[in-house]
Structures are given as C-alpha cells and as structure tokens.
Amino acid sequence: MQSTMMQVPLNVAHLLERGRLFFGSHEIVSRLPDKSLARTNFAAIHDRARRLAKALVAAGVKPGDAVGTFMWNSSWHLEAYFGIPVAGAVLHTINLRLSPQDIAYIVEDAGDRIILVDDVLLPLFEKVLPFTKVERIIVVPTSGAPVPDGYESYEDFIAEDASDYQYPQLDENAPCGMCYTSGTVGRPKGVVHSHRAVVLHALSVSLPDCLNLSCHDSVFVVTPMFHVNAWGVPFAAAMVGCSLQFPGQHMGAEDLLDIMESEKVTLALGVPTIWMSIRQTLDRQPDRWKLGHGTRMMVGGAAVNPALVGGLEAHGLSIKHGWGMTELTPVGTLSWLKPEHTSLPAEQQYEIRARQGLPIPLMELRIMGDDGVQPWDGQSVGELQVRGPIVTGGYHNQPTTEDKLTADGWFRTGDVASIDAEGYMRISDRTKDLIKSGGEWISSVDLENAIMGHPAVAEAAVIAVQHPRWDERPLAVVVKREGQKVTADDLRAFIAPRFAKWQLPDDFIFVDSLPHTSTGKFLKTALRQQFKDYVSSAP
Ligand code: AMP
C-alpha cells in the first residue's frame, strides 16, 4: 500500500503550544470576586498549565483518571482546561448549579479523586464532600484570601518549575474531557470527549461562516465553563489566539455590559436568558455603553426568537444562533445567511438567523419520522438524528442502547425538528415537550417564539395541561417586561395570524419569573408540576 500522511495525533497539547508560540502576549482577563479585573496571557497560561500537569502526575494521577473542577469562569479554569488533559488525565468540569445530591453522584460516577475548587465555592463543595471519595481538594485562591486551614493551596500545588515537563503520548482517541448532561429527566449522564473530537470541533466552529474566530477577536465567555466546555471555545481560542474575557461569578447584565465595553468584546457566548436581560438593560439605557465593535452574540442551549435577534440588532449587536448538545462536542449547527438572503427584508433575515441553522463541517443531520427518513422540505418533522466524529459513541459507565444510538450508527437527539430545502434545521420541540391535542401535535417552541415576539413580553413557556376531551391543551406561562401591560386577549390576538385556531393556548397565566435549568433552559418539568392540577378553559 502507498504511504499517505504522517500519523500525528490530534490533541490539545498542540493547541496549548500554539497559543504560547504565536499569541503568547494575547490577553486573558478574569473578573475576580471583588469585581476587579486580573490580566494574564497565553504565555503564562502555557507555563501554569504545564506546572499543573506536572504536579498532577507527581500526585499519582494516571492516564485516563478524571480530575474535577468546581470553578467559575476564569484564567485559573483555563489553566485546568489544558493542564489536566496534557497530564493525560480527563478534565471533568462539574456543574456547580446542580443539587448537592446530583453533584455527589457525578463526582462518584466520574471517579474524581482530586478536585480543583474556587475558594469562594468551598462552602458549597463542603456540602457535597461527605458523600464522595474525593481525596484531595486543591483550593484556587481567586478571592486573594488565605486558603482555609486543612486545605491545599493551588499556588503551592503548582509551585514547581515545569520547563522540563514532557507531555505523555496523547493518543487522539484518548479521553480529554468529560461533561454530564444537565438532564431534566433522570440522572445526569457522563459524556467523554476525545482529544480528536475537541481539536476537530475547534477547527470547525472557528470557520468564517461559523464563529469566524481569529486572533483579532476579543471573546467573552459568559457561558459557564462547566457547561460543555463553554461550547469548546476556550480550546479554539488557544488555537487562533483570540483574547479571552471571563466574568467570574458576576453575571448581571450591567456587569457584563461593562466588560463588553471596556474590553472591546467582539464575540460573546451565552444562553438566551442572559441576552434577554442584556436587551432589556440596553432598551432602558441605550446610551450608557459604547458597544460599536461589531459584536457577535452567540446564543445556544435553548431556542432564540426572531424578536430577540431584531431587538439586539437595534443596539448594534448581532445574534449568532447555534444548537448543540453535551453529547456533541458540543456545537452541532449554527445559523448564518447565504449571499442569496442578504437582499431579503430585515424581518425575513431575522427569521433565518433565528433557525437552529446549518450543520457545522463534520456533522451530518437527518430527520427520522414514523415512516422513515423525512424529506428536507421544511415541513416534515421527526426526531433529529446526528452523526460525525464529534458525536459521542455512548455514555460513561452505561451500556449503549438503541434508544440512543440507532442500529445504523446515528445518535438520537430527542429533539423534534425539520430541515428545509436549503439545509436549515429548525427545532420544534423536545420529544417529551410536544403537546398532543385531539390527536394532533402542537409545537410549544413555535408558540413560545411567537409570544416572545410581543414587545411587552420578557419570557414565555408553553406546556401541556390535561383536558378531558382533547387529552392535552397548551397553556402559556408568561413573564411581562418591566413596567409593561398586556392581557391574555392581546397576546392571543397577536399570535393568531400565525397559527390554526386549535393550536392557540386557551389560557395565558402571568407570573413574575419562570424556572430555568442550571444551563438556562426552561425547566418544563417544574412548570408541569406547578400546573399539574390546572384545568384548561377549553370547551
Ligand atoms: P445540553 O446537553 O445541556 O446542552 O442540552 C442539549 C439540548 O438543549 C438539546 O438537545 C436541545 O433540546 C436544547 N438546545 C440546545 N440548543 C438549542 C437551540 N439553539 N434551540 C433549541 N433547543 C436547543
């Protein structure tokens, strides 16, 4: 056989080296607990990540062992993103917003024995500790306060020089990191990302039509680093050399806008609820911040609606909508306009940009209906299934079952979607969130998007409530924007032109806030529980 290319493994050590070699002086900025800003750069991250790797190996961490992080977004967390994998270990970012029981379950299921914990999060982690077999807690002193007695300091742990540190052989298929699904149903499940998947994903999301990431960018990582690797962007950042901004624990809209202005942010990553509060704040104080840097706002994790796209556009902020899952690495699709769309009226462009979008390179999509694979006609809906080198082949510690991976090798997302003739995917629901009324399906996402298009509405979630005749009927639970007045009849009339009469919610209930999951999705299980005895007013 003729020889082809060199067998050089794809791994994150290459990304770390690249960050130092070519972009060493590019800045990494973290907001500290006292709200001051700490500045470092890729050269320092490289040095400290290698010290961490050396210390972990000296502490007996073996290839494939999971090492946990219980941390806010910061440059220290970025060190762990690289230092743990280049020790041959597995970066396990723990979602600190879960219940102590779920956190303990995750720590044990992953097998974490060493955990890096922000000092400000230590009281929270101490609630979990008795239920785990964690042996060493390394405390990261982000607040600058002395490390409490009985704990090891991260700075002492990484004190030894690591200029002689040799990376272990890092096979590209070896585990690099693991994340748990935020699981609104059942226990969280572990997904292990390989070095190869992380590198391929970094290349793919960085492309011009995707996130268009370059060394000229200043990227604001608002998405928690414990939520699927902050969408893989920290890895891509070292590769392209963009500067990074981390908000720490300060997630209020004004705090975020201050950083967007002072650090001249060009790309910010976050879930829709965060960008909704940014929009409301800017609507109230349009001239307070100078944001004229062509900022792109990547939004994912839950559906965005055209009204938010247009609302932020009015402030010079451009939404980039994406869909992904922990089981991917994690971005699957992103929405961008093609040249043929640029002459369309603004409203139509917002509608295209609010779709979940086109698959990023290396991803394949199909829609599976009851009668097989569905045509790409924008109408036929079914379960979205995906395939590719950045899609998981199974869950940690669990047998692979056909309800997750089909016999012909596609991953079943549990999302209900359609794909149009141009290849744009649109999610209409989660399988479990669809509403079945009189034998016909109603999309809760379509109703939510339409209601959230009303200027007086901040947020709206639609759930099914029981009905003796129709089985289920849609109920809309709505949060008004501050100081706004709107009635159920106003909302029904507003959305009526876009739906069949039987699809319209019979009732609209106004509440002060909606429950969200730890990663920003509507927590529909909680809403369904809250309204389980609600009787629909439908005849
Ligand atoms: P997670 O693994 O926590 O990121 O959750 C993945 C799930 O979030 C997906 O299967 C979707 O149900 C939902 N999701 C993520 N991004 C979007 C989006 N842009 N639009 C609608 N749903 C989304």
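Numbering of residues begins at 1 and proceeds along the displayed sequence. Values in this document were obtained by computation on a predicted structure and should not be read as measured data. Atoms within a ligand are numbered from 1 in the order they appear, just like the ligands themselves.
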Can you find an N/O atom of T181 closer than 3.5 Å to an N/O atom of ligand 1?
no

Candidates P272, C179, G322; heavy atom nearest atom 19 (N) of ligand 1 found on G322

Does only the side chain of P330 get under 4.0 Å from ligand 1, or the backbone, or both, or neither? Count heavy atoms.
neither

Salt-bridge criterion met for D102 and R97 (N-O under 4.0 Å):
no

Is a salt bridge present between K436 and E472, judged by a nitrogen-to-oxygen distance below 4.0 Å?
no

For ligand 1, does D415 get within less than 4.0 Å through its side chain, its backbone, both, or neither, judged by non-hydrogen atoms?
side chain

Polar contact flag for T326 and ligand 1 (N/O pairs, less than 3.5 Å):
yes

Heavy atom to atom 8 (O) of ligand 1, shortest distance: which of E327, K521, R430 holds it?
K521

So for M325 against ligand 1, with non-hydrogen atoms under 4.0 Å, the contacting part is both

Which option, A303, G324, G414, owns the non-hydrogen atom nearest atom 6 (C) of ligand 1?
G324

Contacting atoms of ligand 1, where contact means under 4.0 angstrom from a heavy atom of H321
18 (C), 19 (N), 20 (N)

Is there a nitrogen or oxygen of G301 sitting under 3.5 Å from a nitrogen or oxygen of ligand 1?
yes

Got an N/O contact under 3.5 Å between G300 and ligand 1?
no

Positive for side chain to side chain contact (heavy atoms under 4.5 Å, CB included) with L362, one of V391, L203, L200:
L200

Nearest 0.5 Å, please: how far is CE in M298 from CG in L334?
5.0 Å

Looking at residues at least two apart in the chain, or sitting in another chain, which of them share a side chain to side chain donor-acceptor pair (under 3.5 Å) with S536?
D506

Check whether F510 forms a cation-pi arrangement with K480 (NZ or CZ under 6.0 Å from the six-membered ring centre, at most 45° off the ring normal).
yes

What pairs with H341 under ring pair (Phe, Tyr, Trp, His ring centres under 6.0 Å), at least two apart in sequence or on another chain?
Y424

Under 4.0 Å between a Lys/Arg side-chain N and an Asp/Glu carboxylate O for R366 and D408?
yes

Relative to the heavy atoms of H227, which atoms of ligand 1 are at a distance of less than 4.0 Å?
1 (P), 3 (O), 4 (O)

